[in-house]
Amino acid sequence: MVEDITERKHTEETLRRAERLASIGTLAAGIAHEINNPLGAITLSVDAVRLSADHDNREEIVAMAMKNIQVSALRCGRIVKSMLQFARDEATRKADADFAAIASRAHHMARSFARERDVRLELDVAENLPLVRINPTEMTQVCVNLLFNAVEASSPGGVVLMRLRATGEVLRMNVVDQGRGIPAEEIDHVFDPFYTTKGEQGGTGLGLSITYGIVQQHGGTIDVESKPGRGTTISISLPIAGDAAND
Ligand SMILES: Nc1ncnc2c1ncn2[C@@H]1O[C@H](COP(=O)(O)OP(=O)(O)OP(=O)(O)O)[C@@H](O)[C@H]1O
Ligand SMILES: [Mg+2]
């Protein structure tokens, strides 16, 4: 079989970009909050100047407004600059890390989503797991993507288990659900960009393709096992730090 490698590389690069944007997205709420105060101050200052036409102390009001606008604009500028710096660092940085902490953070992020759907999240972490060389933001996103998919596939009362084990030279993470499962004719498509069965109310179909890209970037592998009507297990294997000489 002949494969168009250029095309695949292009798709992977597109996905990497999408992933970077997605990690910036998780910061967006915080940044919006930070920027809102100075923006509010700018709006108020402009209003003050506009309403000052007939005031005796107009000059004073204008000077004060100018000062406020300048300070606020500088503040916005600093926030944007640090955000860009963060995005650049975050996109490339890998470090030896404790995957258990990342799994636990992802659990935290998925908790209310699961609770709303009456799905229980469980975390089963072996003791003394070795470190893995990863980008923490990207791996958190991998875990969150898998947890959200598992919860979305589950019925109320269902359980989603995330299990972490070290076997030989790899760290293995399983995300196990008892949900609807994936029919045989769909299973080959789940990693395709924009493939989704979630229709109208959500689902870009990018979650698993981004996940696939991140796992590849880390020298790992990802597998799906599913029994329609019984549930799905997604397994990720990552090289243990020290063995990851290939990056
Ligand atoms: N645990 C699972 N159980 C059953 N089906 C799944 C599971 N995980 C993924 N799928 C199937 O794979 C498809 C693609 O998943 P993917 O995460 O890429 O996109 P999505 O979840 O539809 O959209 P998004 O992740 O953008 O919200 C899903 O629409 C669903 O049909
Ligand atoms: Mg998804």
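Side chains are part of it too, since the values below use all heavy atoms of this structure and drop only hydrogens, waters and symmetry mates. We count ligands from 1, going down the list as the structure has it; atoms in each ligand are counted the same way. Numbers for residues simply follow the sequence, beginning at 1.
Nearest-residue assignment for atom 25 (O) of ligand 1 (options Gly231, Gly207, Gly179; heavy-atom criterion): Gly207. Among Ile210, Ile234, Val190, the residue whose heavy atom lies nearest to atom 11 (C) of ligand 1 is Val190. Nearest-residue assignment for atom 31 (O) of ligand 1 (options Thr197, Asn149, Asp192; heavy-atom criterion): Thr197.
In terms of modelled atom types and a separation under 3.5 Å, the side chain of Arg117 and the main chain of Phe113 share a donor-acceptor contact. Checking side-chain atoms of Asp177 against main-chain N and O of Ser154 turns up no donor-acceptor pair under 3.5 Å. Checked by atom type and distance alone, the side chain of His107 never pairs as donor or acceptor with a backbone atom of Leu147 at under 3.5 Å. Distance alone, capped at 3.5 Å, is enough to place a donor-acceptor pair between the Gln178 side chain and the Val159 backbone.
The atoms of ligand 1 that sit less than 4.0 Å from any heavy atom of Gly181 are 4 (C). Under a 4.0 Å criterion applied to the non-hydrogen atoms of Ala153, ligand 1 contributes the atoms 2 (C), 3 (N), 4 (C). Close approach of ligand 1 to Ile182 (heavy-atom distance below 4.0 Å) involves ligand atoms 4 (C), 5 (N), 6 (C).
Within the structure, the closest approach of Ser226 to ligand 1 does not fall below 4.0 Å when heavy atoms are considered. Not close to ligand 1: Asn145, with no non-hydrogen atom less than 4.0 angstrom away. Within the structure, ligand 1 has Gly205 among the residues with a heavy atom less than 4.0 angstrom away.
Ring planes of Phe191 and Tyr212: tilted class, angle from 30 to 60°.
Ligand 1 has an N or O atom lying under 3.5 Å from an N or O atom of Leu208, backbone or side chain. Between Arg180 and ligand 1, a contact under 3.5 Å exists for at least one N or O pair. Where the criterion is an N or O separation shorter than 3.5 Å, residue side chain and backbone included, Thr196 meets it with respect to ligand 1.
At a cut-off of 2.8 Å, Asn149 is counted among the residues with an N, O or S atom near the Mg ion (ligand 2).
Under 4.0 Å from ligand 1, the heavy atoms of Asp177 that appear belong solely to its side chain.
Between Ser104 and the choices Leu123, Asp98, Leu164, the side-chain contact (heavy atoms from CB on, under 4.5 Å) rule is met once, by Leu123.
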### Task
Kindly indicate, with the supporting measurements, whether the criterion side-chain contact (heavy atoms from CB on, under 4.5 Å) is fulfilled by His189 and Leu208.
CA-CA 10 Å; His189 297 293; Leu208 278 184; over 6 Å; no

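Under the 4.5 Å side-chain heavy-atom criterion for grouping Ile, Leu, Val, Met, Phe, Trp and Tyr, Leu161 is not connected to Val125 through any hydrophobic cluster.
The shortest non-hydrogen separation linking Ala106 to Cys143 is CB-CB, 3.3 Å.
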